[in-house]
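To start, the structure itself, in structure tokens.
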Amino acid sequence: MTVGETITYTLTTHDAYKNKINEGIITTKINNKTYTNTINNGITLIPITINKTGTYQITNTYTGTKNYQPTSNTKTITVTKKTPKITINKPNITAGKTNTITTTITTTDGVPLNEGKIQWKINGITQKDKNNKTIQTQIKDGTSNINYNIPQPGQENK
């Protein structure tokens, strides 16, 4: 799973003969949070959201009933960073003028990012400011912009 993603953690409960268990309570502990759910047709669905990368232990405990012994198990899940998708919006460029180039930055599932910075390369050249520091523009509401002066033809080296 990725940071901030909500997954549905599915538990299947059955006896030694693979018969679905339809009674009792499942308690799931993860990341200092406890979820308590009933079993429905042998299945328990638990929505989980974790907002920090890392490896987490999920401990599931079946409390048992008059017909079934209590039991528990532990599984490990890994939460990774989201992979951003960057799209450069094709601007109308005018040579000899300053043009705004805009990027759209979202997660792969289309959620706009609202953190981080974009480092710009144009024609393979890392863009730098007048102090020779790499230009990085802030991402806000899923976009980041740079103003870039496109030289007039024949003026590229002047």
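Small disclaimer: the values here were computed from a predicted structure and weren't measured.
Under a cut-off of 6.0 angstrom, the local environment of CD1 in Ile88 is sparse, with at most 12 non-hydrogen atoms contributed by other residues, nucleotides or ligands. Within a 6.0 Å sphere centred on CG of Asn123, heavy atoms belonging to other residues, nucleotides or ligands number 12 at most. Asn114 CG: more than 12 foreign heavy atoms inside a 6.0 Å radius. The local environment of NZ in Lys29 is sparse, with at most 12 non-hydrogen atoms from other residues, nucleotides or ligands closer than 6.0 Å.
Contact detail for Ile135 and Asp129: the closest heavy-atom pair is CG1-N, 3.6 Å. Here the closest non-hydrogen pair linking Thr134 and Lys128 is OG1-CE, 4.0 Å. Across Leu11 and Tyr9, no two heavy atoms sit closer than the pair CD2-CE2, 3.4 Å. Nearest heavy atom pair, residue Lys82 against residue Thr107, reads CD-CG2, 3.4 Å. What you find for Asn149 and Gly96 is that their closest heavy atoms are OD1-C, 3.6 Å. Shortest non-hydrogen contact noted between Pro112 and Gly142 is CB-CA, 3.7 Å.
Judged purely by distance below 3.5 Å, without hydrogens or angles, the side chains of Thr49 and Thr6 pair a donor atom with an acceptor atom. No donor-acceptor contact under 3.5 angstrom links the side chains of Asn73 and Tyr62, judged on distance only. When only modelled atom types and interatomic distance are considered, Thr76 and Gln57 share a side-chain donor-acceptor pair under 3.5 Å. Side-chain contact annotation: Trp120 with Thr126, donor-acceptor N/O pair under 3.5 Å absent. Thr102 and Asn145 are linked by a side-chain donor-acceptor pair at a separation below 3.5 angstrom, with hydrogens and angles left out of the test.
Between Thr2 and Val79, the closest side-chain pair of non-hydrogen atoms is not below 4.5 Å. Between Leu113 and Pro84, the closest side-chain pair of non-hydrogen atoms falls below 4.5 Å. Residues Ile77 and Ile50 meet the side-chain proximity criterion, which asks for heavy atoms closer than 4.5 Å. Between Thr106 and Val111, every side-chain heavy-atom pair lies at or beyond the 4.5 Å cut-off. Residues Tyr56 and Thr78 are not in side-chain contact: their nearest non-hydrogen atoms beyond the backbone lie 4.5 Å or more apart. Looking at heavy atoms from C-beta onward, Tyr148 lies out of side-chain contact with Thr98 at the 4.5 angstrom threshold. Looking at heavy atoms from C-beta onward, Thr59 lies out of side-chain contact with Thr28 at the 4.5 angstrom threshold. With contacts defined as side-chain heavy-atom distances shorter than 4.5 Å, the pair Thr10/Thr44 does not qualify.
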**Report entry** Derivation and outcome, side-chain contact (heavy atoms from CB on, under 4.5 Å), residues His14 and Thr12
**Finding:** CA-CA 7 Å; His14 56 81; Thr12 304; 4.2 Å; yes
Report task. Would you check, one step at a time, whether the test side-chain contact (heavy atoms from CB on, under 4.5 Å) holds for Thr27 with Thr34? Result -> CA-CA 7 Å; Thr27 301; Thr34 301; 3.4 Å; yes
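Proximity of a side-chain donor or acceptor of Asn37 to a complementary backbone N or O of Ile26 within less than 3.5 Å is not detected. When atom types are taken as modelled, the side chain of Gln119 and the backbone of Lys117 share no donor-acceptor pair closer than 3.5 angstrom. One N or O on the side chain of Thr65 and one on the backbone of Asn67 form a donor-acceptor pair closer than 3.5 Å. Between the side chain of Asn31 and the backbone N or O of Lys33, no donor-acceptor pair lies under 3.5 Å. Judged purely by atom type and a 3.5 angstrom limit, Gln138 uses its side chain to pair as donor or acceptor with the backbone of Gly116. For Asn99 (side chain) and Thr94 (main-chain N/O), a donor-acceptor pair under 3.5 Å exists by modelled atom type. Looking only at distances, no side-chain donor or acceptor of Asn60 sits under 3.5 Å from a matching main-chain atom of Ser72. With hydrogens and angles disregarded, a donor-acceptor distance shorter than 3.5 Å links the side chain of Thr103 to the backbone of Ser144.
Ile7 contributes atom CD1, which lies 10.0 Å from atom CD1 of Ile46 (distance to the nearest 0.5 angstrom). To the nearest 0.5 angstrom, Gln69 atom CD is 12.5 Å from Asp15 atom CG. Summarising the geometry, atom CD belonging to Gln136 is positioned 11.0 Å from atom CD1 belonging to Ile146; distances are rounded to the nearest 0.5 Å. Atom CD1 of residue Ile118 and atom OG1 of residue Thr137 lie 6.0 Å apart, to the nearest 0.5 angstrom. With values rounded to the nearest 0.5 angstrom, Thr63 atom OG1 is found 7.5 Å from Ile39 atom CD1.
Both Ile93 and Ile122 belong to a common hydrophobic cluster when Ile, Leu, Val, Met, Phe, Trp and Tyr are linked at side-chain heavy-atom distances under 4.5 angstrom. Put simply, Met1 and Ile30 are part of the same group of oily side chains (I, L, V, M, F, W, Y) that touch within less than 4.5 Å, one to the next. By the rule that hydrophobic residues join a cluster once side-chain heavy atoms approach within less than 4.5 Å of another member, Ile43 and Ile25 end up as members of separate clusters.
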